[in-house]
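Reviewing the structure listed below.
Letters A, B, ... mirror the listed sequences (proteins, then strands); counts begin at 1.
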2 protein chains.
Amino acid sequence: MASKSTSNDLAARKPNLREAILCAAEELFATNGFNAVSVRDIAQAAGANPGSVTYHFKTKDGLLLEIYNRHCGPMNRRRSELLAAARRVRDLQDRLEAIVRAYVLPAFSSGSDLAGGGARFTRLRAVMSAEGNEVARRIIAQTFDDTSHAFIDAIHESLPHIPRTEIVWRSHFLLGALYYTLVTPERVSRLSRGGADGADAGNAIEQLVRASVASFQAPPLDPPAPSRRRSMAQSKT
Amino acid sequence: MASKSTSNDLAARKPNLREAILCAAEELFATNGFNAVSVRDIAQAAGANPGSVTYHFKTKDGLLLEIYNRHCGPMNRRRSELLAAARRVRDLQDRLEAIVRAYVLPAFSSGSDLAGGGARFTRLRAVMSAEGNEVARRIIAQTFDDTSHAFIDAIHESLPHIPRTEIVWRSHFLLGALYYTLVTPERVSRLSRGGADGADAGNAIEQLVRASVASFQAPPLDPPAPSRRRSMAQSKT
DNA sequence: TTCTAATTTGTACGAATGTACAAAACTTTC
DNA sequence: GAAAGTTTTGTACATTCGTACAAATTAGAA
């Protein structure tokens, strides 16, 4: 048996068990969290033996680490490309929207970037940050802060009258909204009584971009400049 | 139990172990998630024996359930009061802000409402929703949806030109931002390079209210009224 | 006091966990 | 072909888990 693979679906299905394990782990971690998923669960979902997980990734932490290493590069690269393009938009209002879209889009993309897609990985990050996972915390601060700063700077450039600190707050809110939408999309469907599908990525992106752009444009809380004495700053809009 | 209140301060007279267990569990669940915390961890933090947890709450799920039952009532009652007051604000713009504040404030309150405070419980809910906890999911949909609908309706009243579905989206984003701020406040401090303290509840509330109000006021994506000329019918249910 | 019920402790058990490791099976190279 | 390497399997071990339960302790009423 098992002559050279002429056209064997089964053999072609899992030419690489290592990949299958990674994929299964990503799916399970993203939906159930790190602690609730056992190595045996992952192995079973991947059609593999528990020992194979240990062989390829040494420990459970090592498996999570590899998932991050697999995704961080491509996702941040994609974001950088989109951000660079957005920066070239002339109109400030349009540029802001393009920047926000450049931030949101790769997080929702499903299947284009890398095997598995960005939405699942983003959801994984959301769940890991909620669980306070040690491994994830270390990698994120190390890998994503550069990207975050680049976006914050770009947004600040298109909204120079708003203090950087407030832009940090609002981009934080944006990320929280993004995470939450990926974690519990069914809540949107439920509360809108079927008027919207929370799992519809395209619609979610548009709604999130629209809301976030407006939030960035809100007048600042703190006085924008240290020595500008322009008393009453009544709400203009 | 059922003893007539001869010495009514049964709770204060002795360090009530049941209360200590509840408090310790709330703290540990909120910071580490449900699955990562063992009954023994809770017992040790409360200075109790593992068996006591079983005695008072039967199971680990029962313990979580009791935490929810303890908090849901007071928090939703407080929100209803604040919402009722906000609804009486005349100016539509001010009213919207008051409504949003009525939603956000109880979630951040620390120690006023009930033993432990709302911020910890809100963080707990955030972590549970990320973990996809079954017990939490059931209670939340059952207990919080009424409150959510009340707020959505109130916001819709002050922004009648925006479709209800979009208000649902934006209130969903608000809740996500709120959750994320309570889960990882240190990220704000880090990204703002010390310019802001993410754990400063007062500032967080003001920033969140400001950003959310603007997001609610953003022009809608979908045409608000069907009076527009009918091109291709969208997938309208 | 003494009786009774409520609480706390200590311990134990079966199941599930992460991981180590040797044998088996498969690939690649000679 | 055989030899050497890599991958997969099966199993086993030491912990830790949630929870049950009887004994010990405590509180309240007689």
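Counting to the nearest Å, the P atom of D/dT7 and the CD atom of A/Glu19 are 13 Å from each other. Remark: P of C/dA25 and CG of A/Leu17 are 17 Å apart, rounded to the nearest angstrom. Separating the CZ atom of A/Phe29 from the C1' atom of C/dG18 is a distance of 12 Å, rounded to the nearest angstrom. One can place CZ of B/Arg18 at 13 Å from C1' of C/dT7, the figure rounded to the nearest angstrom. Atom CG of B/Asn16 is separated from atom P of C/dT7 by 9 Å (rounded to the nearest Å).
Contacts of residues 44-60 of chain B with DNA chain D (heavy atom under 4.0 Å): B/Thr54, B/Thr59, B/Lys60. The stretch residues 32-43 of chain B comes close to DNA chain D through B/Val37, B/Ser38, B/Val39, B/Arg40, each having a heavy atom under 4.0 Å from the strand.
Crowding of B/Glu186 atom CD: a count of heavy atoms from other residues, nucleotides or ligands under 6.0 Å exceeding 12.
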#### Entry: Working for salt bridge (charged side-chain N to carboxylate O under 4.0 Å, His left out), residues B/Arg137 and B/Glu131
CA-CA 10 Å; B/Arg137 190 189 302 268; B/Glu131 276 188 318; over 6 Å; no
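Note that A/Arg125 lies outside the cation-pi zone of A/Tyr179, set by a 6.0 Å cut-off to the ring centre and a 45° limit from the axis.
Using a 4.5 Å heavy-atom threshold, the side chains of A/Asn203 and A/Asp197 count as separate.
In this structure, B/Trp169 and B/Phe173 have tilted ring planes: the angle between them lies in the 30° to 60° band.
Side-chain contact check for B/Asn49 and B/Ser52: no donor-acceptor pair (N or O, by modelled atom type) lies under 3.5 Å.
Among B/Phe121, B/Phe144, B/Phe34, the single residue meeting the ring-ring contact (aromatic ring centres under 6.0 Å, His included) criterion with B/Tyr68 is B/Phe121.
Considering only residues two or more places apart in sequence or on other chains, A/Arg87 meets the side-chain hydrogen bond (donor to acceptor under 3.5 Å, both in side chains) condition with A/Glu157.
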